[in-house]
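Computed from a predicted model, the values in this text were never measured in an experiment. Along the sequence shown, residues carry numbers from 1.
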Amino acid sequence: MELDPLILSRIQFAFVVSFHAIFPVFTIGLASYIAVLEGLAFKTENPLWVKLSAFWTKVFAVVFGMGVVSGIVMSFQFGTNWSNFAQASANFLGPILSYEVVTAFFLEAAFLGVLLFGRDKVPAGVHLFAAIMVATGTFISSFWILSANSWMQTPAGTELRDGVFYVTSWSEAIFNPSFPYRFAHMALASFLTGGFVVAGVSAWYLLRGREVEANKKALSMCLWLLLFIAPAQAVLGDFHGLNTLEHQPTKVAAMEGNWETSRNVPLLLFAIPDQENQRNLFEIGIPSLASFILTHEWDGEVPGVSAVPVDEQPPVAIVFWSFRIMVGIGLLMIAFAVTGLVLRAGGRYWRTNWFLQGMRFMSIAPFFAVLTGWFVTEVGRAPWLVYGQMTQAQALTPSLTGGMALFTLIGYIVVYALVFSAGVYYLMRVLYVGLEDHDEDEHEAERPKRPFSAAHVPFEIDHDSGDTVGTAKPVNQGGH
């Protein structure tokens, strides 16, 4: 059987991008959280904020390093697998990617050193400034990367002449029609990811009775953030969807599993798309709701996938189900955020075991939401690489063979597996030690002994409710 270099190159790029995407979306949100902690430490001189910042800075450093390693590979792929695209888009993407390195990566790298190693070596104000600069650098980086990706989705400010894109307006190309929505959507996704990870880790520590005061404050901060950000992401997603409907109607049709352009289109909760026969084999839906959501009219017209030729249609099943997983996780995030608000009465949000257990598992949910969101965005654009102007087949390296593509794909999988395993191993060690290694001698008495038992949970009075904290039966999670 002959190996198809196009399919293998698409799989390879999807693998590399999916692996890489989970790191920046976390570090962007976490960098902002660290900057807030540093600001609180600088203002209040409370050592609790210093402990939290020192701990999460270590986590940030590990994840940032993994993101850098995985991100470098992507730029190489433009030359090895997609040389036609690299040559055609060089007038625009070349400067954009260099701006990202000069304005963001250097900024992050320089100030990350101060943030990591300068706590006791530079004035507190300088350390706070370093934290702010690292957080700023992450947003500058995402600005340029999302501008480039959005241009591929909704190209503007360029014209294609003899197979080469020439920039006619830098402002229109950078701030292309979908960029504002994608940038805002990714920013909120980063805050959601950082918030749920910090909340989940804090919940895990609280279940183990470790550093109760610090982790209680961390959980409280994150729950307030999530209470506002999670619903805001849903609203912004609606605006993003309307923008996509205007510029990429076929993608929206695939998201909705709608084959024929029609009115009163139902919102499908479940369906089995049959692309070969251009229909759904089975579907369960809510009448007219898709029309209302997309057009804000109950009888609004929704485009169908079959409105374009079969060779210009994306893989509908992947887009359809990825979209539903993303939305389902988003609704679950809102539910947990609202539950956290309800449990604030009497301080139950940090003493309710089932809620803390749920937050533990929700710490990985944002990563699945991000990945499925990227699947919708990237797979839904197929077969176009630059939407409506250059297909993936046209962008492929002419001399690339299936064997070459398979060799590099296997190589990336092996190397990334090693990098990911090593990174996760070290990250787990950091999480296991927790906040307790900061000022270790000073806080040695606070450290719970092993094995964990009720006798080792310290007494603490909740002055808001008058309850005794730490005397409840501890939860031993799988021997952790």
Side-chain angles (χ1 to χ4, degrees), residues 13-32 60 63-79 81-82 85-86 88-109 112 133-158 165 167 170-194 236 240 243-244 366-367 369-371 373-381 385-387 395:
F13 202 85
F15 170 76
V16 172
V17 171
S18 298
F19 185 93
H20 173 70
I22 62 177
F23 300 116
V25 76
F26 178 36
T27 55
I28 293 171
L30 187 58
S32 296
F60 176 87
V63 179
F64 181 81
M66 296 174 70
V68 170
V69 171
S70 61
I72 292 175
V73 175
M74 290 193 300
S75 60
F76 290 145
Q77 288 188 94
F78 286 123
N81 294 60
W82 309 97
F85 170 71
S89 62
N91 290 328
F92 175 66
L93 290 188
I96 292 297
L97 296 179
S98 66
Y99 297 158
E100 190 268 339
V101 173
V102 172
T103 63
F105 184 73
F106 287 168
L107 183 70
E108 293 173 279
L112 179 59
M133 287 298 98
V134 170
T136 302
T138 62
F139 275 101
I140 295 175
S141 178
S142 64
F143 173 91
W144 293 114
I145 297 301
L146 285 171
S147 174
N149 180 264
S150 297
W151 175 82
M152 295 165 66
Q153 302 282 344
T154 53
T158 58
F165 291 97
V167 179
W170 279 101
S171 60
E172 292 180 8
I174 294 173
F175 298 97
N176 53 80
S178 66
F179 169 71
Y181 301 95
R182 294 182 189 281
F183 182 68
H185 198 57
M186 181 55 66
L188 291 188
S190 299
F191 288 139
L192 283 172
T193 303
L236 182 60
H240 188 11
N243 177 265
T244 305
F367 297 105
V370 168
L371 287 177
W374 273 109
F375 292 162
V376 171
T377 298
E378 299 303 302
V379 178
R381 179 180 55 187
L385 197 58
V386 180
Y387 194 79

- Task: Would you please test F85 and F165 for side-chain contact (heavy atoms from CB on, under 4.5 Å) and show each step?
- Result: CA-CA 10 Å; F85 170 71; F165 291 97; 5.5 Å; no

- Query: If we only count heavy atoms from C-beta on, is the S142 to I28 side-chain gap below 4.5 Å?
  - Reply: yes

Run the side-chain hydrogen bond (donor to acceptor under 3.5 Å, both in side chains) test against [X] and tell me which residues pass, sequence neighbours left out.
X	value
T103	W144
N149	E378
S70	H20
S141	E100

- Sorted by chain and residue number, the side chain to side chain contact (heavy atoms under 4.5 Å, CB included) partners of M66 (sequence neighbours excluded) come out as F23, V62, F420

- Message: If I take atom OG from residue S18 and atom CH2 from residue W374, how far apart are they, to the nearest 0.5 angstrom?
- Response: 10.0 Å

- Approximate separation, where rounding is to 0.5 Å, of T138 OG1 and M133 CE: 10.5 Å

- In chain order, what residues pass the ring pair (Phe, Tyr, Trp, His ring centres under 6.0 Å) check against F92, with sequence neighbours excluded? W151, W170

- Item | Parallel, tilted or perpendicular: rings of F179 and F143 (30°, 60°) | perpendicular

- Message: Does atom CZ (F105) have a neighbourhood of more than 12 heavy atoms from anything else shown, all under 6.0 Å?
- Response: no

